[in-house]
Amino acid sequence: MFAKSNHLFNGSKNLLKRFASTNATVPTYKLVVIGGGTGGLAVSSTLSKILGQNEIAIIEPSDVHYYQPLWTFVGAGVKTLADSAKPTEELIPKDAYWIKNKVAKVQPDNKLIELTDGQKIGYDYLVVATGLECHWNKIRGLPETLGKDGVTSNYSTDTVETTWKFIREFKGGNAIFTMPSTPIKCPGAAIKVAYLAEDTFTKNRVRNKSNVIYNSAMGKIFSIDKYAKSLERVAKERGIEVNLGTELKEIRSQQKEAVFDCKGTEKVFNYDLLHVTPPMGPPSFIGESGLGNKQGYVDVDKYTLQHVKYPNIFSLGDSSSAPTSKTAAAISVQSGVLKKNLLDAMTGIFDPHTAAKYDGYASCPLLVGRDKLILAEFSGYTGLPLETFPIDQGQERSFMYWLTKEVIPEIYWNGLLKGTWTGPQRFRNFFSYLP
């Protein structure tokens, strides 16, 4: 891919004929997508077929694409890290152009993107789909401790398999699982690993020597009341201690102590196993480029996903300001809305009053054991369930576990990333007609 990129930026006459730019030193595309993750591929796979060859460029630095929702299974020893990975090159749409680089800044008034190596890319339309970054260094002592002496995280490729090692080798003591105060990728993941670990401790006959503790900086165990009640019930039934308003601030590895801010008071826990869900946030270039809201997320209309200031810019996924849970399921529905509205904008018929609207749909498969799962589906805008199946999805079920473990990954790779899956609405509509 580097060879193609160098050829392009050296000013090949044949390639530059494809671009709208009048400046031969700045290749310009009809559409640039920042991010080759879930949202970026869902959008570019569809639009590259419509716009034609090399009218779309995808800026993505990573060689490997990971289906990160699978990492909960990896950390529980059910799947391997390799099961969640595919080469990025295999997933880039054949009619799109891959720029293997990072963005330093966007100049939205000039429709230019500055890359970290100094190159510039022009665009007519822009989609920002960068996802979130893990801020490991915001917890004192974490970067140098991670992956050692019982400290791990499912949110890193370096340690997700270590999580399973530490869980299966656990002999008893305090097993602590944390949730930060920031939005995170898949908000249910922080507690899912606690339930799976407790299940393993029981099977390994060390549960009676173990204290399983979930310390969350949030005010609720889960944002949607229906599923929060289910998770609270399961935690109570299995003796899992839940402490809300309790945020990890420091790790003292020599003493094996975790320091938490508990509603303004410092509280120290001794740990034998510590699973950390780190604080997260959008890439800094979003705010530095004038595209972000006060929290640094791309400032979009939550219904149309169009930028509130720049009508040729759209955003979806974890880096957007849409106030809902940051999940792949949310991206699936957002992608359908965004593609419709972006195409309308390109053809000059976009009207915010009649545009496609995103309803805040998101889903969190909440594993509570090796064969049981609560499939939470809801609108982050209303706080109400938005369930697909004609059963009570607040109950843990083996079918939902199988669906999440075997079926949904196939939908992800072969539907969502290829632009053909835009959420379960049609299935929900079908089931709603059943007697």
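All residue numbers refer to positions in the sequence shown, counting from 1.
Closest non-hydrogen pair, M218 versus P180, comes out as SD-O, 3.5 Å. The minimum heavy-atom distance linking Y155 with K185 is given by the pair OH-O, 2.5 Å.
Note: H65 and Y412 have tilted aromatic rings, judged against thresholds of 30 and 60 degrees for the angle between ring planes.
Of the charged side-chain nitrogens involved, none lies within less than 4.0 Å of a carboxylate oxygen, so that E161 and K165 do not count as a salt-bridged pair. For R140 and E250, the salt-bridge test passes: some basic side-chain N is under 4.0 Å from an acidic carboxylate O. Salt-bridge annotation for K229 and D225: absent, with no side-chain N of the basic residue lying under 4.0 Å from a carboxylate O of the acidic one. Note on E198 versus R238: salt bridge recorded, some NZ/NE/NH1/NH2 to OD/OE distance being below 4.0 Å. A salt bridge between E387 and R428 is absent, with no side-chain N of the basic residue lying under 4.0 Å from a carboxylate O of the acidic one. Of the charged side-chain nitrogens involved, at least one lies within less than 4.0 Å of a carboxylate oxygen, so that K100 and D63 count as a salt-bridged pair. Ion pairing of E247 with K263 is absent here, as no side-chain N (NZ or NE/NH1/NH2) approaches a carboxylate O to less than 4.0 Å.
Under the 4.5 Å side-chain criterion, counting only non-hydrogen atoms from C-beta, K302 is not in contact with Y358. F201 places a side-chain heavy atom less than 4.5 Å from the side chain of L273.
T116 and N101 form a side-chain donor-acceptor contact under 3.5 Å, judged by distance and modelled atom types alone.
A side-chain contact (heavy atoms from CB on, under 4.5 Å) with V33 is found for one member of I59, L47, V127 and no other, namely V127.
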Self-check item: Worked check of side-chain hydrogen bond (donor to acceptor under 3.5 Å, both in side chains) between S45 and K418
Solution: CA-CA 5 Å; S45 291; K418 294 182 179 180; over 6 Å; no

Self-check item: Residues S363, E377; criterion side-chain hydrogen bond (donor to acceptor under 3.5 Å, both in side chains); working and verdict
Solution: CA-CA 4 Å; S363 177; E377 290 186 286; 4.7 Å; no

Quiz item: Does the pair T80 and D83 meet the rule for a side-chain hydrogen bond (donor to acceptor under 3.5 Å, both in side chains), with working shown?
Solution: CA-CA 5 Å; T80 68; D83 291 332; 3.1 Å; yes

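Atom OH of Y303 has 12 or fewer heavy atoms from other residues, nucleotides or ligands within 6.0 Å.
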